[in-house]
Amino acid sequence: MDSENEKTLVEILEPNIQVDLAKYIKFVSNPQSGAIATFSGTTRDTFEGKIVVELRYEAYVPMAERQIKSICSSARLSWSLEAMAVAHRLGSVPVGETSVFVAISSVHRDDALDACKYVIDELKASVPIFKKEVYANGEVWKENSE
Amino acid sequence: MDSENEKTLVEILEPNIQVDLAKYIKFVSNPQSGAIATFSGTTRDTFEGKIVVELRYEAYVPMAERQIKSICSSARLSWSLEAMAVAHRLGSVPVGETSVFVAISSVHRDDALDACKYVIDELKASVPIFKKEVYANGEVWKENSE
Amino acid sequence: MAEENKKGADVEIKVLFFARARDLAGGVSEMMLQVPSGSTAQDCLSKIFTKYPELEQIRECMVLALNLEYTPESVVVNNKDELAIIPPISGG
Amino acid sequence: MAEENKKGADVEIKVLFFARARDLAGGVSEMMLQVPSGSTAQDCLSKIFTKYPELEQIRECMVLALNLEYTPESVVVNNKDELAIIPPISGG
């Protein structure tokens with residue numbers, strides 16, 4: 001589609017910039033769409049029984065952007081999608097705040113829902129972003145098991 | 001779980017009250033959750049080539065609330081969920097605006113994502129809510145084909 | 001309610017019409033209906049369809065709810081029950 | 001770049017270290033590396049591991065990216081290429 005680039009927004013956010021959910025939902029909203037599916041990944045307070053203070057993210061930024069755009073293009077081959085927005089925050093993400101957000105609109109709901117799951121799964125599997133979990137008594141680089 | 005009722009919010013909104021996405025996302029946010037999945041159903045501008053002016057919804061309100069709560073309870077049996085919010089607007093919903101919104105939080109992302117799809121599918125299949133499509137040259141009560 | 005359901009006594013139920021069912025019932029959204037004790041929802045429907053024959057148009061695609069739950073037509077109605085005619089749903 | 005890859009001439013690439021790889025490289029996030037023309041990414045890695053032996057800890061779980069794309073170790077590097085050591089990822 002000619003306007004695919006205009007309808008796909010990928011942002012790797014610098015530290016201390018919160019993920020603005022409303023902005024991305026607005027980006028994917030349009031009169032042609034009947035459905036918007038979103039996914040937020042948020043910092044939770046415990047991991048395997050240990051108390052998490054915060055997560056710290058870093059990324060190979062230009063490659064991460066490129067990979068995410070590639071995932072979005074791939075999703076458009078599998079589903080009929082209108083607009084897509086993917087944002088990932090860097091630096092410290094305190095408990096309860098959003099680290100990653102995916103928003104996708106489509107004419108019919110299955111496309112947006114299934115593509116949303118695909119995009120977050122692929123992002124976690126292949127995009128060079130790295131998370132350090134900071135506990136009260138230490139810190140560790142994480143590895144996505146999936 | 002003891003607090004299940006406190007963690008499930010179901011609202012059938014009177015006409016002219018817009019669906020406040022941020023309110024429901026906030027409701028399902030909590031420090032235990034690592035994931036929030038949402039689904040918005042929005043009025044689109046065309047249906048089978050006809051130009052849609054607006055949708056008008058009515059419901060058998062007490063039964064609709066009861067059915068949606070039942071769907072939420074059922075979802076909690078299949079997935080490990082933290083908080084759930086489901087809202088459906090009544091009356092006229094202009095093109096581009098949200099008629100139904102589902103937000104679900106969970107510790108792990110697959111639970112929220114899969115439950116979100118289940119809830120909207122079940123809502124469309126079994127909850128007594130009725131939609132009239134208003135075109136430039138007429139109107140018709142719709143039937144969910146799914 | 002059991003006492004009110006003595007053989008032969010009438011029971012009174014409330015009938016609700018939604019969406020297309022309401023349109024076909026001439027815009028009536030609810031009515032009270034008296035039927036003999038022991039009547040089923042199907043018996044009630046027969047009386048309702050006699051009163052509003054246009055409803056036949058959705059006979060094959062409507063379902064019933066009794067007191068906020070979907071119900072088979074064979075269920076026996078009790079006094080003060082609420083019976084709803086549910087045309088094809090289209091929420092979402 | 002073909003002209004710069006004449007047999008025997010050196011090529012210079014930039015090497016990037018992220019996350020745990022950076023920690024194991026003593027906090028170094030990037031370095032320039034000269035290797036003979038025709039060298040593969042694996043040849044580069046050998047030199048890098050000689051310089052930062054602690055990286056052996058992630059030898060089995062790291063992957064490489066060349067110029068922003070994942071790459072096999074058998075790829076031949078060219079002058080001004082950017083080679084990244086990617087430890088296990090954990091975005092999301």
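Chain letters run A, B, ... following the sequence lines, proteins first, then strands; residues in each count from 1.
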Under 4.5 Å, heavy atom to heavy atom, which residues of residues 44-64 of chain B contact chain A?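 If one takes a 4.5 Å heavy-atom cut-off, the residues of residues 44-64 of chain B near chain A are Arg44(B), Asp45(B).
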Could you list which of residues 96-108 of chain B have a heavy atom closer than 4.5 Å to any heavy atom of chain A, in residue-number order?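 Result: Val107(B), His108(B).
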Rounded to the nearest 0.5 Å, what separates atom SG in Cys116(A) from atom CD1 in Ile36(A)? 11.5 Å
Taking atom CE of Met84(B) and atom OG1 of Thr8(B), what is their separation to the nearest 0.5 Å?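 Answer rounded to 0.5 Å: 6.0 Å.
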Keeping the roles fixed (side chain from [X], backbone from [Y]), state whether a donor-acceptor pair exists under 3.5 Å.
| X | Y | value |
| --- | --- | --- |
| Gln67(A) | Pro128(A) | no |
| Asn30(B) | Val28(B) | yes |
| Arg76(B) | Glu82(B) | yes |
| Ser73(A) | Lys69(A) | yes |
| Ser33(A) | Thr42(B) | no |

Most chain A-contacting option - heavy-atom pairs closer than 4.5 Å, from Ala35(B), Gly41(B), Gly34(B), Ala37(B):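 Counting heavy-atom pairs under 4.5 Å, the top option is Gly34(B).
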Between Ile129(A) and His88(A), which heavy-atom pair has the shortest distance, and what is it? CD1-CD2, 3.5 Å
Check step by step if side chain to side chain contact (heavy atoms under 4.5 Å, CB included) holds for Ser40(B) and Leu21(B). CA-CA 9 Å; Ser40(B) 312; Leu21(B) 275 54; 4.0 Å; yes
Hey, are the side chains of Thr38(B) and Ile25(A) touching, using non-hydrogen atoms and a 4.5 Å cut-off?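 Side chain of Thr38(B) against side chain of Ile25(A), heavy atoms only: no contact under 4.5 Å found.
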